[in-house]
Amino acid sequence: MKGTAHRFGDDVNTDYIISGKYKFKTLDMKELASHVMEDLDPEFASRVKAGDFIVAGRNFGCGSSREQAPLAILYAGVGAVLAKSFARIFYRNAINTGLPVVECDTDQIRAGDELEVDLVNGKVANLTRGVVLPVKPLPPVMLQILADGGLAEHIRKHGGFALAQKVE
Amino acid sequence: MGKTIAEKILSRASGTDAHAGDLVVADLDFIMGQDGTSPLAIKAFRAMNGSRVADPARVAMVIDHSAPSPNEGVSALHALMREFAQEQGIHFFDVGEGVCHQLVPERGHAVPGDLVIGADSHTTTYGALNAFSTGVGSTDLAAAMLTGKLWFRVPETFRVTCRGKLPAGVYAKDLVLYLAGRLTADGATYMALEFAGEAVSDLSVEGRFTLSNMAVEMGAKAGLVACDDKTLAWIKEHSSREPRPANPDPDAVYARDEEFDVNELVPQVAKPHTVDNVVPVTEVAGTPVQQAVLGTCTNGRLEDLRLAASILRGRKVHPGVRLIVAPASRRVYLDALADGTLAALVEAGAAVVTPGCGPCVGTHNGVPSDGENVISTANRNFKGRMGNNKAFIYLASPATVAASALAGCIADPRPYVKEGR
Ligand code: SF4
């Protein structure tokens, strides 16, 4: 995956990702995607191109449990979210819905940098700055869910949870 | 090796000997969704080829976030929920019943030792009842409804011991705002918070709900309180289910352990636009406010309305302030009607709205105008939270909100209060 970095700061909450005033109204994710990040950067939805990356600081996705947040990001065409850390409900929701989330040292990434994200080998290459950033691996349980294509697929395929217990 | 509250409950619910870091698939005692998250969950339930929920008696859906509906988009989603609830025979709370986090405990669906999930981040609230309860998203809610189970990583526990006695005019809300300021918005991420110490035991169960409610504002997965006589008395009044207290072992292992002395605590205020931007009320006193909000799952209970009424009774809200009151449930509404609390608030100038989330999340019921300041008993003050990203939200206790509504600016409630709690 190659794309451009769009920078955000620490504590980007799910209200900023998609405001409550939109998310209660519709299940049309394309419409929600047109308002993604609106309260932080009104131009973001029109500027972001398919395959671009959201790059943020600590605690990305804190706040409400709305799954519309990862979905709106996904439907806006964003390839992955890179952050120093994620809030736990957002992290779970992202994996469940198939939005790649990458924990790495995002201080090494500026707005407009060209990035290449390799999810399989867990590497982020900053092509503009010529540095390669190590990625914190996903917990095994999340890899199992991702391998099945998200939680809905996992449940459909196995008729319930089929997760190896005590894997961590 | 001894166990924490979280380890005990997740061991019991998964039938394993679980310790922090383990992954368990556990049976759920109760499952809840609200109108912002349930419609997507119904969609995911269908995508899983779901036809029946595992146990309808353990599932509830609540229409509280946009209740009554402000537009046709919301109405269509509410209709979808009603249809699903009827088809599945689950508990259903329609417009006017109240906020989900009031209804689940009030109707006896969370008791000590339970494992509860809700598709709402403030599901941490029932930790006050010694239940392990946590927020999830819509797909997890769908999987939980279908299978009656969910996977959990057993969290490490961060024990916060609060020593001393809260002074007069200082409440559970001030304590939890203070803790949010100290621990910060991600200070307990992936961890369970365990609130301990005599300042926590001294709180009423209502006050403990306020603490546990805001555990998630520090990133925590749960906000747990040990079970004591107060808990058991409260449960007896609200539930017919048998409690299974899960108190921490003396040799339980804590990932972090911190103590705070509350003897000198003063009323606290979270300034815009983050919950951990907390200062003593004295530092922001005098800041003009145009709207005051009393309610939400944090502070919309009878105790909170009574506290505000004790300050507002016989006085008038400042002409420049709109005071909006949202009782947390129909029961709270009726109790506050019966004992004169609501009359005192309305006579003082309050506008009472439907039991539910009220203006908390910006869909309706009191969206502020550009540049306005709001003082609210809610738990979040993010930019745009109340529907306008050019407004400023301050968070405080019901007493501080009431005093500020009178003064027309942020005000220290202590001059109005004789007794501490
Ligand atoms: S009152 Fe506010 S915080 Fe509580 S459940 Fe409703 S919207 Fe969420």
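Below, chains carry the letters A, B, ... as their sequence lines are ordered, and counting in each starts from 1.
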- [ ] Find the distance between CG (A:Leu27) and CG (B:Leu77) and round it off to the nearest 0.5 Å.
- [x] 5.0 Å
Task: Spacing of B:Phe45 atom CZ and A:Ile155 atom CD1 [to the nearest 0.5 Å] - done: 11.0 Å
Task: Most contacts with chain A, counted as non-hydrogen pairs under 4.5 angstrom, among B:Val275, B:Val136, B:Thr37 - done: B:Val136
Open item on the list: For a 4.5 angstrom cut-off between non-hydrogen side-chain atoms, does A:Phe24 reach B:His78?
Closed with: no
Task: Heavy-atom pairs under 4.5 Å with chain A, option from B:Asn49, B:Thr123, B:Asp140 with the top count - done: B:Asp140
Task: Per-residue contact mode, A:Tyr16 against chain B (heavy atom under 4.5 angstrom) - done: side chain
Task: pair B:Leu40-A:Met29: side-chain heavy atoms closer than 4.5 Å - done: yes
Open item on the list: Can you tell me which portion of A:Thr97 sits under 4.5 Å from chain B's heavy atoms? Options are side chain, backbone, both or neither.
Closed with: side chain
Task: Heavy-atom neighbours of A:Arg47 CZ exceed 12 at 6.0 Å - done: yes
Task: More than 12 heavy atoms of other groups within 6.0 Å of A:Arg129 CZ - done: yes
TODO: For A:Ala72, check side chain to side chain contact (heavy atoms under 4.5 Å, CB included) against everything at least two apart and list the hits.
DONE: A:Ile18, A:Leu32, A:Val36
Task: A:Gln68 (side chain) donor-acceptor with B:Gly36 (main chain) under 3.5 angstrom - done: yes
TODO: Select one option (side chain, backbone, both, neither) describing which atoms of B:Thr139 are under 4.5 Å from chain A's heavy atoms.
DONE: both
Task: B:Ser138 versus chain A, the contacting section by heavy-atom distance below 4.5 Å - done: both
Task: Contacting moiety of B:Leu146, where chain A heavy atoms sit under 4.5 Å - done: side chain
TODO: Against chain B, label A:Asp39 side chain, backbone, both or neither, depending on which of its atoms sit under 4.5 Å from a heavy atom there.
DONE: both
TODO: Go through B:Ser75, B:Gly219, B:Ser69, B:Ala143 and name the one with the most non-hydrogen pairs under 4.5 angstrom from chain A.
DONE: B:Ala143
- [ ] Mind checking the CG-CH2 spacing from A:Leu163 to B:Trp151? Nearest 0.5 Å is all I need.
- [x] 8.0 Å
Open item on the list: For A:Lys25, give me all partners under side chain to side chain contact (heavy atoms under 4.5 Å, CB included), at least two apart in sequence or on another chain.
Closed with: B:Asn71, B:Val74
Open item on the list: At a 4.5 Å cut-off on heavy atoms, which part of A:Glu153 comes close to chain B: side chain, backbone, both, or neither?
Closed with: neither
Open item on the list: So, taking the atom named CZ in B:Arg153 and the one named CE in A:Met142, what distance separates them when rounded to the nearest 0.5 Å?
Closed with: 10.0 Å
Open item on the list: Set out, in order, the CA-CA distance, both residues' side-chain angles and the distance that settles side chain to side chain donor-acceptor pair (under 3.5 Å) for B:Thr134 and A:Arg88, then state yes or no.
Closed with: CA-CA 11 Å; B:Thr134 191; A:Arg88 60 162 285 277; 3.1 Å; yes
Task: Residue part contacting chain A, namely of B:Ala142, when any heavy atom lies under 4.5 Å - done: neither
Open item on the list: For B:Arg380, which atoms come within 4.5 Å of any heavy atom of chain A: side chain, backbone, both, or neither?
Closed with: side chain
Open item on the list: Counting C-beta onward and ignoring hydrogens, is there a side-chain heavy-atom pair between A:Asn59 and B:Thr184 closer than 4.5 Å?
Closed with: no
Open item on the list: Parallel, tilted or perpendicular: which one describes the rings of A:Tyr91 and B:Tyr190, with boundaries at 30° and 60°?
Closed with: perpendicular
TODO: Counting only heavy atoms closer than 4.5 Å, note whether B:Lys43 contacts chain A via side chain, backbone, both or neither.
DONE: side chain
Task: Stepwise side chain to side chain contact (heavy atoms under 4.5 Å, CB included) test for A:Ser85 and B:Thr189 - done: CA-CA 9 Å; A:Ser85 65; B:Thr189 298; over 6 Å; no
Task: Proximal component of B:Leu141, with respect to chain A [non-hydrogen, under 4.5 Å] - done: neither
Open item on the list: Restricting to non-hydrogen atoms, name the atom on B:Arg385 and the atom on A:Asp15 that form the minimum distance, rounded to 0.1 Å.
Closed with: NH1-OD1, 2.9 Å
Open item on the list: Taking every non-hydrogen pair under 4.5 Å, which of B:Gly384, B:Ala41, B:Ala185, B:Gly118 racks up the most with chain A?
Closed with: B:Ala185
Task: Nearest atoms (heavy-atom pairs only) where B:Ser121 meets A:Gly63 - done: CB-O, 3.5 Å
Task: Per-residue contact mode, A:Ser64 against chain B (heavy atom under 4.5 angstrom) - done: both
